[in-house]
Amino acid sequence: MLELDRMGVATRVGFAGLFGLASLLAIPWVFTASWLAAIVIWEAISVWVINPWTMRLPPRAGVAAFASRNVVGGSVYGLVALAGLAIGTPLGAVMGAVWLSGAFMNNFVYHGENRRILVASLAPSIAIAILGPQIGHGLTLESAGASGLILTMFLAARAFSLDHQVLLKRLGERQTALADVERKLSLAIDASGDGTFDVDLINGQGQVSAGWARMMGYGPDEVTHELFSYVHPEDAPVVQQAFDAHFAGESPHTATEQRMRCKDGGYKWVLARASLVERTDDGRPARVIGTTTDISERKALELDLKGARDVAEAANLAKTTFLANMSHEIRTPLNGVIGIASVLARTELAPAQREMVGVVQSSAQILERLLTDILDQSKLEAGEFALVIAPFDVRAAVAAAAELMRTRAEEKGLEFALDFAPSAEGLFEGDAVRLSQIVSNLTANAIKFTETGAVRVSVEANDATGADAPVMVTIKVADTGIGFDEVTATRLFTRFVQADDSISRRFGGTGLGLAISKALAKLMGGDVSAVSASGEGSVFTLALPLRRAVLASAPREDAEPGDEGVELAGLRVLVAEDHPTNQRVIQLMLEPMGVALTMTSDGREAIEAFSIGAFDFVLMDMQMPKMDGLSATREIRRRERDAGAGRTPIAMLTANALDEHRRMAAQAGADHLIAKPITPESLFRGLTETFAAARREVEAAA
C-alpha cells in the first residue's frame, strides 16, 4: 500500500492543483493557496518521514500507522470540500459534493480490502459531509438534509465498489481458467510431444516432430515444403508481423493463433510459440524453435469470454445510468437557480443587485453548458448520438442561436453583426437543433476570447451543381479577439484543449465546445475549420451540405408567446412537479401573467386532480415518485379517449432532454417536451409550441 501511495503522489497533488484553480470561482484565493501549500507539505512529510518510519514497523503496527496517517491526509485534502460547503453558495455546495463523492469512490476502490484503513480513510470525508452544511447554514433541517444527500454518495460509492470487486473477481476467475488451460496444454505437449518445429530461416527449410505431423494429418516424411507455406494466407501477415517484432527485440517470443493447412486441404487452428535461438555473424535471424498446440477446442471457450464481456458491458451501462441520474439531480437544483434568477432579473433592482443577479445567471449558465457538453461528449463517444432530420429555415435557426449571444457581446461592449446572403434563404433538410448548437458554441467562443472590436456571423450558400446535389451552406463566425498560432490550430478541436494553459486560466472553460461542434458537423456530413493568427482575431467556418426542402413553409424556430394565438391570462394549468423549488419557479413565472395554477407533487395526485374540461393545459414532470409523468400522461389520454373528449395540451418537463426522452414523451401522448433548466422565455415558448403541436395533432386526426 505504501508503494501504491508513493506512486500516486504526483497524481493527487496535480488533481488538487486543478481543483484548486476551479475552486477560485467560489473560494477566496488565499484559502486555496494555503490549502495547496498544506498538501505539498503534508505529502513531503509523508514521503520522507512517515512512510519510511511506517515500513520499519511490524505489520499490525504498520497498518495502524498507515490508517492514522490517512486520517490526517484525508482531513488536509478535504479542507476544500469543507470550505465549499461552509460558504453555502450553490457553486460551493456543488464543489464540496463533487470532491466528497470522488473521495468516497477513491477510498472504497483503493482501501476496500482492509476495513481498518478504509474506516480511517473515510472518516474525514464523512465528518466534512456532516459538518460542512451545519457550518454554512447552522443546525437546521435544510443543512441536515444536505448532509444526508451528500452521504447518499457514500452508499453509491459503496455499491459501485462492490460491483467493481465482483467484476474483477469474475474476470480474474476467467483469466485463471484460461491460464490453467494453457498450463495443462503445455504439460500435454511435454508429455506427448504434440508439436514442435525447428526452422532454418536462411534456406526456409524446417523440421517438425512426429506429433506436429500427426496433428495436421501428415505422415512422418510428408511435410516437405517450407513450413511458412502451411500458414493460411489470411493469417500470414499477422504471423510475419509477430516474427518481425520478436526479431527486433520488442517481444521475448512469438505467440500467434493461426490456421495451418492439413493434409486433407482443410485448416486447423493452432497456437504457435517460437523463439529466436540463432543469428548469423552479421546479426540476421537464422533459426527459430517453437511449439504448436491444437487449440480448436479452446476456440470454443471464447464463448465463455463473451460472457465476461457482457458483464463488462453491464458495468458500462450502469455507469451510463449513473451519469444520467446525476445529470437529472444536478439539473433539478440548477433549474431553481436559473429560473429564480431569470424572474428576479425582470424585477426592479438596484445596480449592485442587478450585477449580482447577472453573476448568478452567468455562473448557472456556465454550469448548465458544462453539464450539457459532458453528456453530449459521452453520447458521441458511445456512438449513441442520433440526428433528427426535418425541414427547417436556416435563417431562423442561425438567428435564434446567434441572437441569444448578442446580449453577451453588448455587455462586453462588442459590435455584433448577423448577415445573411440571399442564397441562404429558404428551407433545408437537416437537424436544426444541432446546427443551432454549433453556431451557439462558435459564437460564444468568439465572444469569450474577444475583448474589443466585433463579432460577425455570416451565412451564405453555394448553388448545387446537380439536380439532386446538396447545397453547401457556409456559416462563418469572425472575431477580432486574441487569435492563435498554427501549432494551436492543429490541436484546437481536441477534447479539453484550449489555446494554452494561460488561456484556460484567464478565460475558463473545458475545451469541449469546439470538439463537440467538430463531431456534430462530421455527423451531418460537414466540417468545422478555423483560420487565425495570434493577436489578429479568428474565423471559424462551418460548412454543411444540405438539401433544399420542397415545402411551402416550416414552423418558426423563434416563435414567441402569442404567435399561435395563445392568451396566457386566465389560462387554467395543471402542474405535476415533485420538487418544491421547481414548483416555486413555475409559480413565479406564470402567476404574474394571470395563469391559474393547480399544483400537484406526483403523477398520482395529477390524475386525481384532472378532470375532462377542467384545465386548458398540463405541465407534467417526467420523473416523479409514486407515479411518473409518462404513466400519468398515458392515463390522461386513456380517460380522454374513453370519454370521447378532445385532447388537453400536455407538455413534458424533464432535465434529460435527450432524443430517447422526446420519443418516450411522444409515445406516452405528450404534445411537446420542455427541457430544464427553464427560463421565462423557454417556458413561454414551450407553452406556445405545445399548443401548436396539439392543434396539429387534432387537425391530423380530423
Side-chain angles (χ1 to χ4, degrees), residues 169-279 284-312:
K169 180 180 179 180
R170 292 181 179 176
L171 291 176
E173 291 173 349
R174 296 292 184 184
Q175 292 174 345
T176 301
L178 288 176
D180 185 58
V181 169
E182 291 184 356
R183 182 184 62 83
K184 292 178 179 178
L185 289 174
S186 178
L187 292 174
I189 291 175
D190 293 339
S192 63
D194 279 351
T196 61
F197 58 87
D198 186 340
V199 180
D200 186 334
L201 299 175
I202 304 302
N203 57 32
Q205 298 301 311
Q207 297 179 346
V208 299
S209 66
W212 193 100
R214 184 172 57 253
M215 184 190 306
M216 302 301 169
Y218 297 100
D221 301 320
E222 292 180 335
V223 182
T224 57
H225 299 289
E226 180 180 351
L227 199 59
F228 287 107
S229 66
Y230 291 88
V231 179
H232 193 285
E234 293 179 1
D235 299 334
V238 177
V239 174
Q240 187 61 53
Q241 183 179 9
F243 274 97
D244 290 342
H246 175 52
F247 296 159
E250 298 175 6
S251 60
H253 57 78
T254 66
T256 56
E257 294 181 0
Q258 62 202 54
R259 288 162 290 183
M260 300 290 290
R261 188 177 72 251
C262 300
K263 183 177 181 179
D264 60 5
Y267 285 88
K268 178 177 291 188
W269 278 102
V270 300
L271 171 63
R273 289 191 177 94
S275 294
L276 180 66
V277 296
E278 185 178 344
R279 290 181 180 270
R284 290 181 300 158
R287 181 187 174 199
V288 294
I289 294 178
T291 62
T292 303
T293 303
D294 183 351
I295 61 170
S296 299
E297 294 183 0
R298 182 186 147 193
K299 276 291 181 178
L301 294 177
E302 291 182 356
L303 294 175
D304 294 335
L305 291 178
K306 290 182 179 180
R309 183 193 64 189
D310 292 341
V311 173

Can you name the closest pair of heavy atoms from P285 and I202 and give their distance? O-CD1, 4.0 Å
Given side chains that start at C-beta, do those of L271 and E257 come closer than 4.5 Å, heavy atoms only? yes
Nearest 0.5 Å please: distance from the NZ atom of K268 over to the CD1 atom of I295. 11.5 Å
Heavy-atom distance under 4.5 Å between the side chains of V231 and M260, does that happen here? yes
To the nearest 0.5 Å, how far apart are CG in N203 and CD in E226? 9.0 Å
Could you tell me which non-hydrogen atom of E222 sits nearest to which non-hydrogen atom of G217, and how far apart they are? OE1-O, 4.5 Å
CD (Q241) and CD (E250) are apart, to the nearest 0.5 Å, by 9.5 Å
Could you list all the ring pair (Phe, Tyr, Trp, His ring centres under 6.0 Å) pairs where at least one residue sits in residues 232-258, not counting sequence neighbours? F228-F243, H232-Y267, F243-F247
How about R284 and L201: do any of their side-chain heavy atoms sit closer than 4.5 Å? no
Heavy atoms of G219 and A213 approach each other most closely as O-CB, 3.7 Å
Approximate separation, where rounding is to 0.5 Å, of L227 CG and W212 CH2: 5.0 Å
How far does CG of D264 sit from OH of Y218, to the nearest 0.5 angstrom? 8.0 Å
Between D294 and M215, the two heavy atoms sitting closest are N-SD, 3.9 Å
Distance-only, no hydrogens or angles: does the S209 side chain make a donor-acceptor pair with backbone N or O of T196 under 3.5 Å? yes
State the CG-CD1 distance between L276 and I289, to the nearest 0.5 angstrom. 10.0 Å
Around atom CD of Q207, are there more than 12 heavy atoms of other residues, nucleotides or ligands at under 6.0 Å? no
Under the 3.5 angstrom rule, does the side chain of R261 hit a backbone N or O of S229 as a donor-acceptor pair? yes
